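Written out below as C-alpha cells is the structure these notes cover.
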Amino acid sequence: MSKVLPDTWHQYLGDEFQAPYMQALRDFLAAEKAAHKVIYPHSSHWFRAFELTPLDEVRVVVLGQDPYHGPDQAHGLCFSVRPGIQIPPSLQNVYKELEQDLGCEPVGHGFLESWARQGVLLLNTSLTVEQGNAGSHRGKGWETFTDRAIATVNAHAGPTVFLLWGGHARKKKALIDTRRHLVLESPHPSPLSAYRGFFGCRHFSRANAFLAEQGRSPVDWQLPAQP
C-alpha cells in the first residue's frame, strides 16, 4: 500500500496513508496475506482508478461496492473486468441501457479503461476482497478512504455527474453538493433489480447533457470493439 497516488489526488489524499485507520487496514491486509488468502485485485491495481483518472479530469463518477472476487476478473475499476474474461451480468445490463439510451453497440468484452481515460472515475467503495468471499473486506477502512475521495471530487473537481446505482451507492449522496454537481440515482443494474428502474434511466445521455451545459466535454460511451 506504499504506492503513491498520482499528484492530483495525492495533494488531497496523501495524508490519509498516515491515518490510524489506514494503518489498521494495512495490518488487516498483511494478516490476510500471511494466512495465505488470495486477495483481489493484485496490489498493483488497488489504486488503478486514481491512476487512470486524474482529479482534474474527473467528469463522471460511477460507484461500485466490492471488486469482483473471481480469478482474473478485478483490475481496480468498478464493473470492469480484464480482457478475455466473461462479461458479468450487471455489466451486460449496463450495455443494454447504453444501447437503448445512446445507440452504443454492445462489445464482446468488459474492459472499461477507455471510460476511465476520459474522466470517468470507476470507484469501488472497498478496494480489495478475498477470493470467493464477497464483502469480506467491508468495514476494514477502505470506505473511509473512498469517502474522502468522493468528498475530494465534490470539493475540487469541476461540475461532475455522480451515477449512484443501488442502495449502497445511493447512501453516498450525502457527501455530494447537488447545487454544483448532478446526482443521478437508480436501482442497481444487477439482474435482480435492473427491471425496477435501471433500464430506461437514460443516465448516460443525461450525464452528457449536463456536461455540455457546464461547458465540459461529453463522454464517448461507445467502447472500442477490441479491448
Side-chain angles (χ1 to χ4, degrees), residues 1-55 58 61-82 85 88 90-91 110 112-113 116 120-156 162-176 188 190:
M1 200 184 294
S2 59
K3 180 162 182 62
V4 177
L5 293 170
D7 288 345
T8 58
W9 289 105
H10 189 268
Q11 178 180 357
Y12 300 104
L13 296 177
D15 288 347
E16 298 298 311
F17 291 91
Q18 312 307 320
Y21 80 86
M22 190 62 83
Q23 184 58 55
L25 176 58
R26 279 196 194 92
D27 293 344
F28 166 75
L29 293 169
E32 293 289 280
K33 289 187 175 182
H36 305 292
K37 294 183 179 180
V38 177
I39 295 174
Y40 294 132
H42 187 274
S43 58
S44 63
H45 282 132
W46 290 352
F47 301 101
R48 186 68 171 153
F50 300 97
E51 293 170 11
L52 291 177
T53 312
L55 175 60
V58 172
V61 177
V62 180
L63 289 180
Q65 194 162 359
D66 284 11
Y68 295 118
H69 54 79
D72 299 322
Q73 290 181 301
H75 63 108
L77 305 179
C78 73
F79 290 98
S80 182
V81 291
R82 294 173 180 272
I85 299 299
S90 293
L91 185 54
L112 306 182
E113 269 202 8
V120 180
L121 182 66
L122 297 168
L123 183 65
N124 281 313
T125 55
S126 182
L127 300 187
T128 58
V129 69
E130 180 189 344
Q131 180 180 14
N133 190 3
S136 51
H137 291 187
R138 292 179 198 163
K140 302 299 183 181
W142 279 128
E143 293 89 347
T144 301
F145 179 78
T146 54
D147 278 0
R148 302 282 165 78
I150 295 166
T152 297
V153 173
N154 178 65
H156 301 290
F162 291 82
L163 303 184
L164 306 184
W165 299 336
H168 176 80
R170 294 168 86 163
K171 291 176 183 176
K172 304 301 181 181
K173 185 176 181 179
L175 300 172
I176 303 163
H188 195 275
S190 160

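Source: prediction; values computed, not measured. Worth knowing before you read on, the calculation uses all heavy atoms, side chains too, and leaves out hydrogens, waters and symmetry mates.
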Of the non-hydrogen atoms in [X] and [Y], which two are nearest, and what is the gap between them?
X	Y	result
V62	C78	O-SG, 3.4 Å
L127	P41	O-CD, 3.3 Å
Y12	T152	CB-CG2, 3.7 Å
E113	R48	OE2-NH2, 3.1 Å
L77	N124	C-ND2, 4.4 Å

Kindly indicate whether the side chain of [X], heavy atoms from C-beta on, has any atom under 4.5 Å from the side chain of [Y].
X	Y	value
Y40	H45	no
K172	T125	yes
L29	K33	no
L123	I150	yes

Could you walk me through whether F50 and T8 pass side-chain contact (heavy atoms from CB on, under 4.5 Å), step by step? CA-CA 9 Å; F50 300 97; T8 58; over 6 Å; no
Evaluate whether atom CG of D15 has more than 12 neighbouring non-hydrogen atoms of other residues, nucleotides or ligands under 6.0 angstrom away.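 Result for CG/D15: open.
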Is the count of non-hydrogen atoms from other residues, nucleotides or ligands lying under 6.0 Å from D7 atom CG greater than 12?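 12 or below, so no.
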Is it the case that the side chains of T128 and H137 hold a donor-acceptor pair, with the cut-off being a distance below 3.5 Å and no angle test? yes
Rounded distance [0.5 Å steps], CZ in R138 versus NE2 in H168: 7.0 Å
If you take the centroid of each ring, where Trp contributes its six-membered ring, are Y21 and F145 closer together than 6.0 Å?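 Ring-ring flag for F145/Y21: false, centres at least 6.0 Å apart.
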